[in-house]
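Note that the structure is predicted; figures quoted are calculated from it, not measured. Proteins come first, then strands; the chains are lettered A, B, ... in the order of their sequence lines, and each starts at number 1.
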2 protein chains.
Amino acid sequence: MQSSDSPARLFAALGDPTRLGLIARLADGKARSIAQMGEPLPISRQALAKHLDVLLGVGLVRRTRVGREARFVMEPEAIHAARDWLDAVSAQWDGTLGRLKAFVEEGG
Amino acid sequence: MQSSDSPARLFAALGDPTRLGLIARLADGKARSIAQMGEPLPISRQALAKHLDVLLGVGLVRRTRVGREARFVMEPEAIHAARDWLDAVSAQWDGTLGRLKAFVEEGG
DNA sequence: CATATATGCAATCTCCAGGTTGCATATTGT
DNA sequence: ACAATATGCAACCTGGAGATTGCATATATG
């Protein structure tokens, strides 16, 4: 696990419709091979493999070899990391807004 | 509000270290001009303006003209939209059905 | 063993994101 | 009016993302 570089890389990995769709499909917890993942997609197998490599690089999925297949499962911790970053930003916004309200209340 | 296209565009907007830094700074709720935002950054003013345009395009910031200045404020609703997407994925994973499927698929 | 299946590796192509420079426009200040 | 400030607009350059094709390798199956 050397992927906790910066949240930007994580968001960048999610910032592609194909990859986002892969994550959405893998969210059911099922492990899928590359061929299975690519079955409904209009792109080549190699393009798909690259996308999965990107997701792997930021820790959003985990790879397991089963025979000649490479099965991919979602890794929810990376999702949590991204969500935590957004929560922090959101919390800071809500906090400062609360302080602004307090100021208005006090100052009149 | 025509920005609720797909979450991928939102994540893509966040998937750049410069833009992520801008959002982090704007999370305090203060409105800042382009010159103010660019003061600590090692990039040109035009590059910064493009980044702010990207954030504007997905609804992450709001622009207000004050005299000759263009002030930017964060728009927390877009942050919430991104967080909600991650929550949905996470919730699906955490569901018992998803975990059971994962166990069956992996463990055999 | 021979063959089909599933994936890995590598070279290549194209396009656009992110950056720059130069000039134009609008607003403030003297 | 004139100069300084703040931004907008446009052309341009470059590296890398996303895709392709072709070939190599490993595993299952007859």
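Within the model, atoms CG of Leu26(B) and CG of Leu52(B) stand 7.5 Å from one another, a figure rounded to the nearest 0.5 Å. Annotation: the span from Leu10(B) atom CG to Ile79(B) atom CD1 amounts to 7.5 Å, rounded to 0.5 Å. Between the CD atom in Glu77(A) and the CG atom in Leu60(A) there is a gap of 11.0 Å [rounded to 0.5 Å].
The salt bridge (charged side-chain N to carboxylate O under 4.0 Å, His left out) test applied to Asp53(B) returns Arg63(B), not counting sequence neighbours. Checked against side-chain hydrogen bond (donor to acceptor under 3.5 Å, both in side chains), Asp84(A) has no partners two or more places apart in sequence or in another chain.
Map Val66(A) and Ala49(B) each onto its nearest nucleotide of DNA chain D; the residue landing nearer the 5' end is Ala49(B).
For DNA chain C, the residues of residues 19-36 of chain B within the heavy-atom distance limit of 4.0 Å (strictly under) are Arg19(B), sorted by number. Within residues 38-48 of chain A, the residues approaching DNA chain D are Ile43(A), Ser44(A), Gln46(A), Ala47(A), by heavy-atom distance under 4.0 Å.
Between the CZ atom of Arg68(B) and the C1' atom of dA3(D) there is a distance of 11 Å, rounded to whole Å. Per the geometry, CD belonging to Glu69(B) stands 7 Å off P belonging to dA6(D), to the nearest Å.
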Acceptor/donor pairs from residues 31-44 of chain A side chains to any protein atom, 3.5 angstrom cut, sequence neighbours excluded:
unit_1	atom_1	unit_2	atom_2	d
Arg32(A)	NH1	Arg25(A)	O	3.2
Arg32(A)	NH1	Asp28(A)	OD1	3.2
Arg32(A)	NH2	Asp28(A)	OD2	2.8
Ser33(A)	OG	Gln36(A)	N	3.1
Gln36(A)	OE1	Ser33(A)	N	3.0
Ser44(A)	OG	Ala47(A)	N	3.2

For residues 67-76 of chain B, please give each side-chain donor-acceptor pair under 3.5 Å, one per line with the distance, not counting sequence neighbours.
unit_1	atom_1	unit_2	atom_2	d
Glu69(B)	OE1	Arg71(B)	NE	3.1
Glu69(B)	OE1	Arg71(B)	NH2	3.2
Glu75(B)	OE1	Arg62(B)	NE	3.0

For a quick test of your reading: what N or O donor-acceptor pairs under 3.5 Å do the side chains of residues 14-23 of chain B make, sequence neighbours left out?
unit_1	atom_1	unit_2	atom_2	d
Asp16(B)	OD1	Thr18(B)	N	2.9
Asp16(B)	OD1	Arg19(B)	N	3.1
Arg19(B)	NE	Ala13(B)	O	2.7
Arg19(B)	NH1	His51(B)	ND1	3.1
Arg19(B)	NH2	Ala12(B)	O	3.3

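Counting 5' to 3', DNA chain C first comes under 4.0 angstrom of a heavy atom of chain B and last does so at the ends given by dG18(C) to dT28(C).
Between the side chain of Lys50(A) and the base of dA19(D), a donor-acceptor pair under 3.5 Å is found.
Of all non-hydrogen atoms in Trp85(A) and Pro7(A), the two that sit nearest each other are CD1-CG, 3.4 Å.
No path of Ile, Leu, Val, Met, Phe, Trp and Tyr side chains, each step under 4.5 Å between heavy atoms, connects Leu86(B) with Val54(A), placing them in separate hydrophobic clusters.
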